[in-house]
Amino acid sequence: MKQLQKDAARRLCHAARRLLPLREELLPGAVALAVIVALNVLMVEKHYDVFAHNTRGGFWAMFGGQCVVAGYDPILYLVLSSWKMLFVGFRHPLLLWMLYPAAALNGWLMENVGQNCAQIITAAMLTAAELASLLLLHRLLRRVVGLGRGDTALLCALFFSFAYVMVPMVVPDHFALSQCLLLLTLYITGRSLRTRKPMPGWLSAALFTLLAGVTLSNGPKAFMAQWAANGRKFWHWRNLLLAVAVPSALMLAVCFTVGSVPRHKTEAERLRDNKEEARMGVPIRHDRTGEPISTVGFFNWTDVTTPRLDTAVENLFGESIQLHQDHLLGDVWTDRPVVVRYRWAANYAAEAAIVLLFAFGAWCGRRDRFLWLCLAWFGFDMLLSMALGFAINEIWIMGPHWLFVIPIAAAYAFKRRPGRSLAALRVAVLALAAWLWAYNGTLFVGWLME
């Protein structure tokens, strides 16, 4: 019995050590931590005098009226201030319970200290999630793709220069948490592929629970990951039952318990809601969604009329990667048009370079199963957003769900290019990263300091 306990403790210590940063990850991790902390300090300072002293209620009007960032909802501030389902529970079925410890801590602080520390606790959670994302991407590029240290650091710098990787570092929504969990899933799957060890059903079910619990639409990606790792074994009836059907049924049961199927609002209901939000001090919402496929059930979230070409150029590969100077971080539901143009031709040149890098990397890695999985995830997100039109009018906020595919694809281009062409590729990516850090950083930090 004692020997079993010793073996279990040894395995636990070994697993814990594997989660710690490697020596080569300390420097990029320290740089990333400094940037993330600095941005979160600016975000906390921006509203601290208003938010910290409210411990009595009216949180939706306070956060919803003053924390307007590019269409993101202040979910974390709301839940940590008042542990209630103040968001769409159907889309985030387990998020409320995942946030309970943080909400309990903030409730104790409000009662005993007299300060609403939701901002500070949220900043700590976002910092941990973003730092973990950096370490996971770094380790994934090194251990799964097999890239060198310098090229890995360069692609990590490129990834964190993207606008909607930078912005979710500080916004009190769930996207930083989703990004971290998605990268964790990719890393686990990549290691399974490289070691040729199948992914067990319990692990796939656990990853599905985490991914779908935070964002329901990310749940199927766990099944896609196990399929990529296990091949035909994924389709065995026992695996389909225990690793797919059972957790899916349980998650849907939770969804229908905490939320409801979306219902199309009448014009009278919209006007009533606008009047109520105006009374509460929340900015008046404008309906800038296109026509849905149907107003029945989930089809009410679709959009078939928002222009796809403009969306792809200005929002999908535009705003997601480079902020627009006009209507900076505006919300389409209040003061931002769906389509905004860049002022400078340089922005379109940088966008074209990113798209070409993405496409070239995908071609270079076309025989690698791990990249197939990444591209399948990207395709799944495009099916939801670009084809069906889910959240297409603010598609940039979904960037944390797929932007990491770009540096992963680019890594295969680095691996396949010999000699001078590799040097030229490195110079081009370095120039892109420097441009994006300077451009997005200037705009974002300026907005935070307003």
Side-chain angles (χ1 to χ4, degrees), residues 16 19-20 29-30 32-69 72-89 91-133 135 167-181 209-210 213-215 254 257-259 276-277 279-283 447-450:
L19 295 176
L20 295 174
L33 181 61
V35 173
I36 297 166
V37 169
L39 291 176
N40 273 283
V41 167
L42 291 176
M43 184 65 174
V44 171
E45 288 182 343
K46 189 176 179 69
H47 299 295
Y48 187 77
D49 289 339
V50 177
F51 294 170
H53 302 298
N54 185 0
T55 62
R56 298 184 179 181
F59 300 116
W60 176 255
M62 179 180 65
F63 295 132
Q66 301 196 46
C67 189
V68 179
V69 189
Y72 288 110
D73 295 320
I75 290 177
L76 301 185
Y77 289 170
L78 288 167
V79 174
L80 266 59
S81 299
S82 178
W83 194 65
K84 297 177 182 177
M85 191 67 73
L86 299 173
F87 52 90
V88 181
R91 295 185 189 176
H92 317 289
L94 297 180
L95 185 58
L96 183 69
W97 286 270
M98 292 177 178
L99 294 174
Y100 175 76
L105 172 61
N106 190 48
W108 182 88
L109 290 170
M110 286 195 293
E111 183 176 347
N112 292 276
V113 181
Q115 293 279 310
N116 187 341
C117 297
Q119 277 191 285
I120 297 173
I121 298 173
T122 294
M125 291 193 298
L126 294 177
T127 298
E130 289 290 343
L131 180 60
S133 293
L135 296 176
V167 173
M169 290 181 188
V170 303
V171 293
D173 210 330
H174 69 279
F175 286 91
L177 308 179
S178 291
Q179 176 183 269
C180 178
L181 292 172
T209 302
L210 290 172
V214 176
T215 306
V254 173
T257 301
V258 301
E276 179 64 17
E277 289 177 347
R279 185 186 65 79
M280 295 171 63
V282 178
W447 181 87
L448 285 171
M449 297 181 68
E450 286 180 353

task = Please state whether the rings of Phe63 and Tyr77 are parallel, tilted or perpendicular, taking 30° and 60° as the class boundaries.
result = tilted

remark   = residues 79-89 vs side chain to side chain donor-acceptor pair (under 3.5 Å), sequence neighbours excluded, gives Ser81-Asn116

key: Least distance between heavy atoms, Ile75 atom then Asp173 atom   = CD1-OD1, 3.3 Å

note = When Asn106, Leu105, Val44 are each screened for side chain to side chain contact (heavy atoms under 4.5 Å, CB included) with Cys117, the one that passes is Asn106

Those residues that, when tested against Thr122, pass side chain to side chain donor-acceptor pair (under 3.5 Å) (two or more places apart) = none

key: Shortest non-hydrogen separation from Ser133 to Cys180 and the atoms involved   = OG-CA, 3.4 Å

note = Contacts of Tyr48 meeting ring-ring contact (aromatic ring centres under 6.0 Å, His included) (sequence neighbours excluded), chain-then-number -> none

inquiry  = Is any side-chain heavy atom of Leu42 closer than 4.5 Å to one of Met449?
reply    = yes

request  = Please report the shortest heavy-atom distance between Val171 and Leu126, naming the atom on each side.
outcome  = O-CD1, 3.4 Å

note = Smallest heavy-atom separation, Leu177 atom then Ala129 atom, equals CD2-CB, 4.0 Å

request  = Under the ring-ring contact (aromatic ring centres under 6.0 Å, His included) rule, collect the residues that match up with His92, sequence neighbours excluded.
outcome  = Phe87, His174

inquiry  = Give me the atom names and distance for the closest heavy-atom approach of Glu130 to Ile36.
reply    = CB-CD1, 3.5 Å

request  = With rounding to the nearest 0.5 Å, note down the distance linking CE in Met169 to CG in Leu131.
outcome  = 10.5 Å

inquiry  = Using the side-chain contact (heavy atoms from CB on, under 4.5 Å) criterion, which residues pair with Ala102? Sequence neighbours excluded.
reply    = Leu80, Ile121, Met125

key: Partner set under ring-ring contact (aromatic ring centres under 6.0 Å, His included) for His53, not counting sequence neighbours   = none

